[in-house]
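Contents: one structure, followed by commentary.
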Amino acid sequence: MKDPHLTELTAGCIAAVLPAAGSGQRFGSDRNKLFAMLSGKPIWFHAASRLAARPEVGRIVMAISEQDEVDFRGPFAELVNELRIELVRGGDQRSDSVRAGLDAVADDKSIEFIAIHDAARPLVRDADLAAVFAKAAETGAAILAAPITATLKRVLNDGNASLTVDRSELYSALTPQVFRVDVLRRAYDRHRGRPATDDAQLVERIGHPVALVHGSADNIKITHPEDLRIAEAILAR
Ligand code: CTP
Ligand code: MG
């Protein structure tokens, strides 16, 4: 029987790009939220180690801010080296940080796919990684996404009326978002700073379909302080 945890991809053909150059405004701590500890390790380390555990991932590039460089090259250097993470300088927008990661692997012929994964998502499951990698290998562009469970309302008449939206076709986008190198390169070459909420949107704009792969809703992004408590509970399970 086919092992669902194995993909058809060659070992090492994926570069994982982890944008980590934000500042965590909404988290409200005095340093980058990614340094917050989750079960004894910083958030970014969890995210990177889940990708590092996949045989398809040959390189891990993490985009960091100028401000955080002293931490990543100082107290965290050992953890960075443990996972063989390559550090690059991120930018003002998340897409600038992703682009920096993309540029770092541009000349590497062994890299066929890029998996962009928020350093703020420490809980992505191995089976979901395998599934989204396999779909990207098949289609050139695939992202993890979770079905919306909330009941959704569309505001009408300045909030004095509303309509229920059919949620059966709606998913929330997660990461990793995985693309064939040439597809993502084209999308970023065309990107001129027009706001985009994720990398998949840039790929949609060049007319390349992006497949959705059903991922676990546990793959939360740590945004607010309470998300850390939720992540602790999920990890402890
Ligand atoms: N990120 C990045 N470069 C930026 C902005 C964000 O690499 N210029 C990264 C963050 O470090 C995070 C991921 O993109 O790993 C998702 O962004 P988000 O959750 O919004 O993190 P922050 O931007 O740090 O948080 P906030 O928006 O609350 O300030
Ligand atoms: Mg942000």
Side-chain angles (χ1 to χ4, degrees), residues 15-38 41-52 57 59-73 75-76 79-80 83 85-106 114-124 128-129 132 143-146 172-179 184 187-188 191-203 215 217-232 234-235:
V17 168
L18 275 77
S23 58
Q25 288 286 323
R26 287 168 289 178
F27 195 76
S29 133
D30 53 1
R31 59 209 293 247
N32 193 339
K33 65 182 178 182
L34 299 175
F35 298 149
M37 297 301 234
L38 179 59
K41 292 277 164 56
I43 290 170
W44 64 265
F45 183 84
H46 287 271
S49 53
R50 283 169 189 240
L51 282 148
V57 173
R59 292 176 68 176
I60 301 179
V61 180
M62 194 159 70
I64 62 168
S65 66
E66 183 174 11
Q67 178 179 310
D68 289 344
E69 207 160 324
V70 287
D71 292 285
F72 283 111
R73 301 208 188 270
F76 289 134
L79 291 179
V80 167
L83 299 179
I85 295 173
E86 304 163 51
L87 299 175
V88 297
R89 173 71 56 82
D92 285 348
Q93 304 294 320
R94 184 182 176 281
S95 58
D96 299 324
S97 300
V98 170
R99 194 195 295 266
L102 191 53
D103 289 347
V105 301
I114 310 276
I116 301 161
H117 183 58
D118 288 325
R121 293 188 192 270
L123 299 176
V124 62
D128 287 356
L129 292 177
V132 72
I143 70 171
L144 288 180
S172 50
L174 308 170
T175 73
Q177 303 201 337
V178 190
F179 309 99
L184 191 62
Y188 266 83
H191 179 44
R192 296 275 179 272
R194 188 171 136 215
T197 51
D198 65 356
D199 302 288
Q201 191 175 9
L202 299 180
V203 170
D218 285 358
N219 182 10
I220 59 169
K221 182 164 73 66
I222 307 296
T223 305
H224 300 104
E226 54 270 29
D227 297 328
L228 201 56
R229 305 281 84 79
I230 297 169
E232 289 282 6
I234 293 169
L235 259 187

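We count residues from 1, following the sequence as given. Counting starts at 1 for both ligands and their atoms, following the listed order.
Residue Ala20 approaches ligand 1 through these ligand atoms, each under 4.0 Å from one of its heavy atoms: 7 (O), 11 (O). In the vicinity of Ser97, heavy-atom distances shorter than 4.0 Å reach the ligand 1 atoms 2 (C), 3 (N), 4 (C), 7 (O), 8 (N). Short contacts between ligand 1 and Asp92, defined as distances under 4.0 Å to a heavy atom of the residue, involve ligand atoms 8 (N).
For atom 14 (O) of ligand 1, the nearest protein heavy atom lies under 4.0 Å away.
Note on ligand 1: Thr223 sits outside its first shell, no heavy atom being nearer than 4.0 Å.
For atom 12 (C) of ligand 1, the nearest non-hydrogen atom from the set Ala100, Ser65, Pro19 belongs to Pro19. Of the listed options Ala120, Ser95, Gly24, Gly24 places a heavy atom closest to atom 22 (P) of ligand 1. Between the choices Arg26, Lys33, Gln25, the shortest heavy-atom distance to atom 20 (O) of ligand 1 belongs to Arg26.
Here's the thing with Phe27: none of its N/O atoms is less than 3.5 angstrom from an N/O atom of ligand 1. Considering backbone and side-chain N/O atoms, Ile222 never comes within less than 3.5 Å of an N/O atom of ligand 1. The shortest N or O to N or O distance between Gly91 and ligand 1 is under 3.5 Å.
Not less than 6.0 angstrom separates the ring centroid of Phe45 from the ring centroid of Phe76.
Other residues, nucleotides and ligands place more than 12 heavy atoms under 6.0 Å from the CD atom of Glu226.
Residue contacts with ligand 1 for Val98 are absent, since no atom lies close enough (heavy atoms, distance under 4.0 Å). Residue contacts with ligand 1 for Lys221 involve side-chain atoms from C-beta outward but no N, CA, C or O (heavy atoms, distance under 4.0 Å).
In this structure a side-chain-to-backbone donor-acceptor pair under 3.5 Å is missing from Thr175 to Gln177. Put simply, the side chain of Asp96 gets close to the backbone of Gln93: a donor and an acceptor are under 3.5 Å apart.
In this structure the side chain of Leu174 never reaches within 4.5 angstrom of the side chain of Asp128, judged on heavy atoms. The side-chain heavy atoms of Ile220 and Leu123, taken from C-beta on, include a pair separated by under 4.5 Å. Annotation: side chain of Asp71 is not in contact with side chain of Asn32 (no heavy-atom distance under 4.5 Å).
The protein atom (non-hydrogen) at minimum distance from atom 7 (O) of ligand 1 is Ala21 N, 2.8 Å. In this structure, atom 23 (O) of ligand 1 lies nearest to the protein heavy atom Gly22 CA, 4.1 Å. When hydrogens are left out, the protein atom nearest atom 16 (C) of ligand 1 is Asp118 OD1, 3.5 Å; that is the closest non-hydrogen contact.
Of the listed residues (Asp198, Asp199, Thr197), just one forms a side chain to side chain donor-acceptor pair (under 3.5 Å) with Arg94, and that residue is Asp199. Exactly one residue among Leu129, Asn219, Leu144 makes a side-chain contact (heavy atoms from CB on, under 4.5 Å) with His117. That residue is Asn219. Shown are Leu38, Asp68, Ile85; of these, the side-chain contact (heavy atoms from CB on, under 4.5 Å) with Trp44 is made only by Ile85.
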